[in-house]
Amino acid sequence: MVGPWGGSARVVRLDPAKPTTLLAATMRGAGIFRSLDGGETWAECLRFPKLPEARVDAALIVRNPTPLWLAGTAPGGLWTSKNEGNDWELAPGTSGLSVYAIAAWEKDPRVLAIGTNQGVWLSHDGAQTWRRNSPANNADLAAIVSVAFHPKLAGTIYAGTPHLPWKTSDGGKTWRRVHVGMFDDSDIFSIAVDPAMPERVFASACSGIYCSLNGGAAWRRAQGIPGTNRRTYVVAQDPLERSRVFAGTSAGMWASQDVGQTWKKLNSHVATSIAFHPEQAGAFYVSTEQDGILFTADAGQSFQARHEGFVSRSILRVIEEGGKWRPARELEIEESSLAAPPNAFETVEDPFNPGHLLAATGEGLLRSKDGGRSWRLVDGGLGQEWVRSVCFHPKQPQAVLALRGQRVFWSKDAGASWYWLPAEENVRSSFRRLVVPRSNPGELLALSEDRGVFSYPLKTILV
């Protein structure tokens, strides 16, 4: 994986006992990244090859006293790891669930709640067993997108739905809607309960930021925030400075220094989750919709990118690759003028034989020796299967690389015979195009639909 780093990040969490250890999940694809150095570098530690359509919607790290990592997938259930992300297993009884939110009780992190497409589920033994905590016959409590515990009472739980919040005060025996003061049909993305004053509860919604001073019985919406910034994905209270509250909206981050009474805009980053440092006041990480993982040490006055190795980008074209990646503000991409057969994904010309073309199509790899006027199937092993991309080597005659399905093949005789280019299983996940840069012909680049650009050294196969 060679970047460009960043992109869409869904969630970031840190180990409360070892804050230099973090996990992060992307918005597309079921994958988890891990950092062991405070976000300076990241590496992918989990892919769900059996869940190609799943995505990680929620994550959490708890200590009881050993670390327990939790990742909620939609669909795909709840996954857990007891060795900091090296190995994962599906939590018993959750395989049929889509998990959108995870919360742990402050007094005993073995007590866990998850918000799912089938209501609220509860565990009292560190995710070993689960039972449904909300009524199965209540359609309004079917989809739960946020959950939060009362810090002192495990039987008091808040649940956010796509249409207002709910609360139980008796361990799930009864649930009641708590929405007075909220706009109707507000999607409750997150809920935060003040540990020092449990009756004070914050909620982020599509209609803005809300605060309740009586445990959800009535809510007041934050004032002074423009309408374009009211769709709020996360609200969180600094655990070391309780007067400070931060929120991520659709048009930037906001901060309050007086427990939500007044708000000031910090920046234009669209934050989707916030993870506070447990020992350093004003220090926290945020996952963002487009800018990867960011870190601040000064309560949001400035942010630095902390996502080298973390990548969630769909790459369509690479023109030239070199050194450090940077945004190209204005870039015109010249479309190919080569004659192509119907339904061709890509057509390329042999740099050593003008007029000799190869085309990647859904019916296999086609060849033309007359500038595209006539085409025939290339024999030699690829057959009439789906070929997504093809490229000639710019420096070595007869050398060709092709992407069939999600495997890369190479030929040293212009396609007469083909050999598979081995790769790790998690790498062959979503390639869409192959490129050999003229500036670096010893390297093959594979463009991914959700993981940026991968690099492979060609010196192992080309002589």
Side-chain angles (χ1 to χ4, degrees), residues 11-19 21-23 57-72 77-85 88-94 97 99-116 118-134 141 144-160 165-175 178 190-203 215-216 235-240 242 273-279:
V11 62
V12 61
R13 294 288 183 256
L14 56 77
D15 187 329
K18 192 165 62 173
T21 298
L22 300 97
L23 70 81
D57 267 351
L60 191 65
I61 301 178
V62 297
R63 286 265 177 172
N64 57 350
T66 57
L68 176 65
W69 290 28
L70 303 110
L78 180 72
W79 294 74
T80 65
S81 173
K82 296 179 180 178
N83 55 7
E84 298 186 336
W88 293 79
E89 60 183 16
L90 184 65
T94 70
L97 301 176
V99 179
Y100 305 124
I102 309 171
W105 187 37
E106 188 175 292
K107 282 181 169 289
D108 184 357
R110 291 174 300 178
V111 180
L112 300 163
I114 55 175
T116 79
Q118 298 180 33
V120 179
W121 290 65
L122 208 63
S123 173
H124 287 88
D125 54 12
Q128 294 302 305
T129 60
W130 292 87
R131 65 174 177 84
R132 186 165 185 162
N133 188 257
S134 57
L141 278 168
I144 306 298
V145 296
S146 56
V147 286
F149 282 101
H150 187 290
K152 298 178 181 178
L153 305 172
T156 298
I157 305 171
Y158 296 87
W166 290 69
K167 178 182 179 180
T168 179
S169 299
D170 53 13
K173 294 179 182 178
T174 60
W175 286 82
V178 286
S190 72
I191 301 172
V193 184
D194 188 336
M197 182 180 167
E199 293 303 298
R200 177 157 51 205
V201 185
F202 296 95
V235 62
Q237 190 176 17
D238 191 328
L240 301 180
R242 297 293 181 189
S273 73
I274 299 174
F276 290 99
H277 196 289
E279 301 166 355

statement: dist L70:CG -> W88:CH2 (nearest 0.5 Å) comes out at 7.5 Å
query: Is any side-chain heavy atom of F276 closer than 4.5 Å to a side-chain heavy atom of D238?
result: yes
message: Can a donor-acceptor pair be found, under 3.5 Å and without considering hydrogens, that links the side chain of R13 to the backbone of I61?
response: no
- prompt: Say you draw a straight line from CG of L78 to CD1 of I114; how long is it, rounded to the nearest 0.5 Å?
  reply: 5.5 Å
field: Distance, nearest 0.5 Å, that separates CH2 of W105 from CG of L112
entry: 12.0 Å
statement: Output for pair (T174 OG1, W166 CH2), nearest 0.5 Å, gives 11.0 Å
field: Set of side-chain hydrogen bond (donor to acceptor under 3.5 Å, both in side chains) partners for S81, sequence neighbours left out
entry: N83
Test item: W130 and L97 side chains (from C-beta on) under 4.5 Å apart, heavy atoms: no
Distance-only criterion, 3.5 Å: show the donor-acceptor pairs between side-chain atoms of residues 121-128 and protein atoms not counting sequence neighbours.
residue: W121; atom: NE1; partner: Q118; partner atom: O; Å: 3.2
residue: S123; atom: OG; partner: D125; partner atom: N; Å: 3.4
residue: S123; atom: OG; partner: D125; partner atom: OD1; Å: 2.9
residue: S123; atom: OG; partner: A127; partner atom: N; Å: 3.0
residue: S123; atom: OG; partner: T129; partner atom: O; Å: 2.9
residue: D125; atom: OD1; partner: Q128; partner atom: N; Å: 3.1
residue: D125; atom: OD1; partner: T129; partner atom: N; Å: 3.0
residue: D125; atom: OD1; partner: T129; partner atom: OG1; Å: 3.4
residue: D125; atom: OD2; partner: T129; partner atom: N; Å: 3.4
residue: D125; atom: OD2; partner: T129; partner atom: OG1; Å: 2.6

- prompt: Is there side-chain contact between R242 and M197, with at least one heavy-atom pair below 4.5 Å?
  reply: no
field: Nearest atoms (heavy-atom pairs only) where L22 meets W69
entry: O-CH2, 4.1 Å
task: Specify the closest pair of heavy atoms between P278 and P16, including all atoms of both residues, with the distance to one decimal.
output: CG-O, 3.5 Å
statement: Looking only at heavy atoms, the pair that brings V12 and A275 closest together is O-CB, 3.5 Å
field: Partners passing side-chain contact (heavy atoms from CB on, under 4.5 Å) against A58 (at least two apart in sequence or in another chain)
entry: I102
From W79 atom CH2 to L90 atom CG, the distance as rounded to the nearest 0.5 Å: 5.0 Å
message: Donor-acceptor pair, distance only, cut-off 3.5 Å: does the side chain of S134 make one with the backbone of V120?
response: yes
task: Please identify each residue that fulfils side-chain hydrogen bond (donor to acceptor under 3.5 Å, both in side chains) with R110, with sequence neighbours left out.
output: D108
Closest approach of A104 to F149 (non-hydrogen atoms, all atoms of both residues): C-CD1, 3.6 Å
message: Applying side-chain hydrogen bond (donor to acceptor under 3.5 Å, both in side chains), can you list everything that pairs with R63, at least two apart in sequence or on another chain?
response: D15
message: Run the side-chain contact (heavy atoms from CB on, under 4.5 Å) test on T80 and E89 for me, step by step, so that the C-alpha distance in whole Å, both residues' side-chain angles and the decisive distance to 0.1 Å come before the verdict.
response: CA-CA 5 Å; T80 65; E89 60 183 16; 3.7 Å; yes
message: Which residues pass the salt bridge (Lys or Arg N to Asp or Glu O under 4.0 Å) test with K82, not counting sequence neighbours?
response: none
- prompt: Is there a donor-acceptor pair closer than 3.5 Å between any side-chain N or O of D57 and the backbone N or O of A101?
  reply: no
query: Excluding sequence neighbours, so at least two apart, what forms side-chain contact (heavy atoms from CB on, under 4.5 Å) with S190?
result: S204, V234, V235
Residues forming a side-chain contact (heavy atoms from CB on, under 4.5 Å) with P92, sequence neighbours excluded: none
statement: Closest non-hydrogen atoms of A159 and W175, given as atom of the first, atom of the second and distance, are CB-CZ3, 3.8 Å
field: Those residues that, when tested against S169, pass side-chain contact (heavy atoms from CB on, under 4.5 Å) (two or more places apart)
entry: T156, K167, R176
message: Taking side-chain hydrogen bond (donor to acceptor under 3.5 Å, both in side chains) as the definition, give me every residue that meets it alongside S146, ordered by chain and number, with sequence neighbours left out.
response: none
field: Between CG on residue L153 and OG1 on residue T168, distance to nearest 0.5 Å
entry: 11.5 Å
- prompt: So do the side chains of Y100 and V147 get within less than 4.5 Å of each other, counting heavy atoms only?
  reply: no
